[in-house]
Each structure stands twice: as structure tokens, then as C-alpha cells.
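Take a look at the structure below.
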Amino acid sequence: MKQKRIYRNLFGIFLLITIFLTGCGKEEEKDVIKIESPEAGLVFQISKEYQEKGIKIEGPFEDFAGNDSIGIFWYYTPVTDKLVEDLMALSEEEFTEEILIEFYKQMGIHSKCLMNITIIEEQNYKEAIESGRTIDELSDWNPVEEFGINDGYVYLLSIPENDTSGMEEKEKTQYEECSAYMQTVKKNLSFMKKEAVSNVESLFPEQIPAFTAKDLDGNTVTESIFAEKDLTVVNIWGTFCTPCVQEMPELGEWAKSMPDNVQIVGLIADISGDEDTKRHDLAVTITEKANADFTQIIANADFASIMNWVTGVPTTLFVDKEGKLVGEPIIGADVAGYKKFVEDYFSEQ
């Protein structure tokens with residue numbers, strides 16, 4: 001399960017960096033930056049030196065047990081940046097599922113989770129411990145310790161020991177330096193008031209916000225797109241999400257056979273503005289290869305109320321012609337589930 005968690009985090013890294021990474025405060029001392037995460041209720045202090053060595057804070061996001069989790073990851077950028085560049089340089093014919101799987105495998109070798117903090121409601125934590133569960137089971141990371149209690153939440157902290165197989169000596173040395181630095185990060189880690197964002201139902205919006213955005217072809221798209229059909233399936237995805245890419249051909253096929261009063265729209269979560277041409281081009285390659293020629297909208301700040309709720313991709317929403325979200329979202333790739341929702345929705349009308 002720990003390995004699955006690591007790869008789940010890796011699949012979501014580009015989405016989570018864009019959506020959830022909070023801003024930096026002023027320098028508290030030379031070369032050290034204070035990074036506040038009110039969603040997690042934590043204040044990190046990370047030196048510029050180690051940020052330049054590839055350390056990034058990611059999260060908070062929801063783990064498999066439904067708890068908030070925030071992590072510090074390390075990327076050996078001489079390799080990981082090249083992996084990304086090479087992937088984006090591939091032609092449509094060269095861009096295959098096998099290539100993408102190998103990409104994730106290599107990213108797993110050259111990027112590691114250095115620290116994970118699982119955040120559990122205090123009452124839930126007490127009940128779990130009283131029932132005989134261990135903190136290892138609650139956090140799913142090893143080794144793990146109880147770091148503290150803040151605003152009614154228990155914080156479980158882990159600095160995992162990672163496999164360094166496949167690393168060259170220089171890379172391994174840099175990883176070990178960054179891993180050892182986590183003890184300093186832990187020592188300086190402090191609490192702040194935690195924003196209440198852990199309950200999915202409380203975050204689930206009722207309406208798609210008004211927006212003006214671009215699609216992959218550069219066309220302007222607004223919320224009026226929903227008025228064109230009785231129901232719209234909104235598939236939120238990222239270019240670095242294997243399940244997203246794997247289901248795209250099936251979504252493209254389904255889009256061509258939908259009833260006239262139903263449509264599917266993609267919402268791409270990890271393209272960071274007009275200057276992010278690499279991910280834009282990658283998204284074009286993915287959709288063209290999959291024959292998914294339905295509208296693909298590039299998420300911008302107008303979608304904040306939606307994207308702040310999303311904890312992973314793909315996430316699929318269902319929207320009526322008035323822009324209201326109907327039913328429950330489906331998290332994870334499940335085309336059969338999307339189709340069943342559409343069928344059930346109209347059968348109940």
C-alpha cells in the first residue's frame with residue numbers, strides 16, 4: 001500500500017503543485033523560507049539551498065482512507081526535467097501507453113517522498129486506537145510517529161526510507177542529503193490554525209462558476225456551453241495521469257455515440273497558463289491520439305471553487321443545463337460508471 005501511495009502522489013504531482021501549494025511568507029532567517037499551508041494547519045521552513053536541490057511541498061490531498069495528507073517530495077531535476085522534456089517532444093505516433101508507463105517508472109526512481117504527514121480528526125483517531133488499530137495502519141507509512149495535535153486533529157509524521165536502486169552515485173548522494181535534511185524540517189515544523197477543508201461533502205460545490213476560458217484549439221469557452229445540452233459530463237484530468245490517458249480513447253468513442261441531449265467536456269487541470277506550451281502540446285497529443293475530439297477546456301482561476309475541491313484525477317462531474325452539479329462526483333477512471341449515471345439520470349426524470 002505504501003508503494004501505491006507513492007505512485008498515486010507521483011501521478012498527481014503536476015495537478016497538486018498547481019492547485020494546492022500555498023504561497024511563501026517572508027524570510028525568517030537567511031536562506032530559509034517560511035511556507036504556510038492553512039489547509040493542513042502547518043508552517044514549514046525550507047532553505048533555498050534544498051529547494052534548489054529539488055525539494056517541493058505537495059498537498060494537502062485526500063489519501064485512500066479519506067484523511068488529509070501533505071508531503072515533501074524530492075526530484076532529481078537533471079533527470080526528471082529531461083524525462084518530461086523527452087516525453088513532450090514525442091510525436092503522436094511515438095506517444096504510446098508503454099512509453100507513458102515507462103515514464104512513470106523512471107519518475108519513481110528519480111523522485112521520492114521524503115516526508116509524509118497524515119492528518120486525522122482527533123475523535124476518529126481515538127476511536128481507531130481504542131479499537132486496536134496502530135498508527136502504522138492509520139498512516140500507511142513506515143516508520144511513523146505522532147507529531148502532535150492541532151485544532152482537533154492528530155498529526156502522524158513519517159520520514160520513509162526509500163529504495164535508491166537505479167540512482168547514480170551523485171544522485172544518491174543528493175537524495176541522502178535531502179533525506180537527512182528532513183530532521184531539520186521536522187524540528188522547525190510548527191502549527192497554525194487549520195482551515196476546515198477535509199470534508200468532501202462540505203467542499204462539494206452546487207454550481208459550476210461563471211468562467212471564461214480557452215479550449216485546446218484556442219477558442220473561448222464560457223459557462224454557456226452547459227445550456228446547449230440537458231446534461232454535460234465534465235471529465236477533469238491531467239496530462240501526467242495514467243488512468244486519465246488510458247480512459248481517453250473510450251471517452252472519445254462514447255462522445256460520438258451520446259444522445260443529442262448529452263455531451264462530454266474535458267477540463268484539463270495541469271496546464272499553467274498560456275506560457276505552459278509543453279503541457280498544452282502534450283494534452284493535444286493525448287487527445288488527438290485518443291480521437292477524443294470533444295471540447296477540452298483549460299482550467300484557469302475561474303474554476304477555483306471546483307479545483308480546490310478536487311483531490312485527484314480523473315474526477316468526473318455531471319452538470320445540468322443550468323450549470324448545476326447533479327448527483328455525486330466519480331473519482332477515478334470509471335467509464336462504465338459515467339455511462340450508468342447518465343442512464344439512471346434520464347430514467348428518473
Side-chain angles (χ1 to χ4, degrees), residues 8-21 58-62 100 197 200-201 203-216 221-223 225-226 229 231-252 254-255 258 262-273 276 279-280 282-287 290 292-320 323-342 345:
R8 176 183 183 272
N9 293 348
L10 285 173
F11 294 155
I13 59 179
F14 297 94
L15 168 66
L16 294 169
I17 289 171
T18 302
I19 298 174
F20 296 112
L21 182 59
E58 297 173 9
F61 42 79
E62 189 175 284
L100 198 60
V197 296
V200 172
E201 291 184 359
L203 292 172
F204 186 69
E206 297 180 354
Q207 180 92 22
I208 294 288
F211 66 87
T212 300
K214 297 289 186 180
D215 66 14
L216 282 179
V221 186
T222 71
E223 70 277 6
I225 191 173
F226 300 113
K229 304 290 180 179
L231 185 68
T232 300
V233 179
V234 180
N235 180 251
I236 305 173
W237 65 284
T239 58
F240 291 91
C241 163
T242 297
C244 300
V245 175
Q246 289 176 333
E247 75 171 358
M248 196 62 68
E250 192 171 357
L251 293 178
W254 183 33
M258 281 181 165
V262 183
Q263 65 181 339
I264 183 168
V265 170
L267 184 59
I268 310 167
D270 62 338
I271 298 178
S272 304
D276 193 357
R279 289 183 200 160
H280 176 279
L282 180 56
V284 170
T285 299
I286 291 170
T287 54
D293 56 2
F294 49 87
T295 301
Q296 299 282 356
I297 303 171
I298 300 171
N300 59 20
D302 291 347
F303 291 93
S305 64
I306 298 293
M307 303 311 292
N308 286 341
W309 171 85
V310 174
T311 59
V313 290
T315 290
T316 300
L317 311 176
F318 305 92
V319 183
D320 68 15
K324 294 181 179 179
L325 278 74
V326 296
E328 296 293 330
I330 295 178
I331 301 174
D334 184 8
V335 178
Y338 314 154
K339 292 180 177 179
K340 185 177 186 304
F341 178 92
V342 173
Y345 178 80

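Here the structure is a predicted model, which is why all the values come from computation and not from measurement.
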Roughly how far, to the nearest 0.5 Å, is [atom2] of [Y] from [atom1] of [X]?
X: I208; Y: I225; atom1: CD1; atom2: CD1; answer: 11.0 Å
X: T232; Y: L325; atom1: OG1; atom2: CG; answer: 10.5 Å
X: I298; Y: I271; atom1: CD1; atom2: CD1; answer: 4.5 Å
X: F341; Y: D334; atom1: CZ; atom2: CG; answer: 12.5 Å

| request: Could you walk me through whether V342 and L231 pass side chain to side chain contact (heavy atoms under 4.5 Å, CB included), step by step? | output: CA-CA 8 Å; V342 173; L231 185 68; 4.0 Å; yes
| said: On a heavy-atom basis, which atom in P205 and which in S305 lie closest, and how many Å separate them? | reply: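 Answer, listing the atom of P205 first, then S305: CG-O, 4.1 Å.
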| query | What is the minimum heavy-atom distance between L216 and H280, and which atoms define it? | reply |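 L216 and H280 have their closest heavy atoms at O-NE2, 3.1 Å.
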| request: Tell me, with the steps shown, if N235 and L251 meet side chain to side chain contact (heavy atoms under 4.5 Å, CB included). | output: CA-CA 9 Å; N235 180 251; L251 293 178; 3.5 Å; yes
Between [X] and [Y], a side-chain donor and acceptor under 3.5 Å:
X: E247; Y: Y338; result: yes
X: T239; Y: D270; result: yes
X: W237; Y: Q296; result: yes

| field | Greater than 12 external heavy atoms within 6.0 Å of K340's NZ | value |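 At most 12 heavy atoms, drawn from other residues, nucleotides or ligands, come within 6.0 Å of this atom.
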| query | Quick one: are I297 and T295 in side-chain contact, heavy atoms under 4.5 Å? | reply |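 Sidechains of T295 and I297: in contact.
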| M258 versus I264: any side-chain heavy-atom pair under 4.5 Å? |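 They are in contact (side-chain heavy atoms under 4.5 Å apart), so the answer is yes.
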| Stepwise side chain to side chain contact (heavy atoms under 4.5 Å, CB included) test for I236 and L317 | CA-CA 8 Å; I236 305 173; L317 311 176; 4.0 Å; yes
| Trace of the side chain to side chain contact (heavy atoms under 4.5 Å, CB included) decision for Q263 with V233 | CA-CA 6 Å; Q263 65 181 339; V233 179; over 6 Å; no
| field | Aromatic centroids of Y345 and F318 separated by under 6.0 Å | value |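 F318 vs Y345: aromatic centres not under 6.0 Å.
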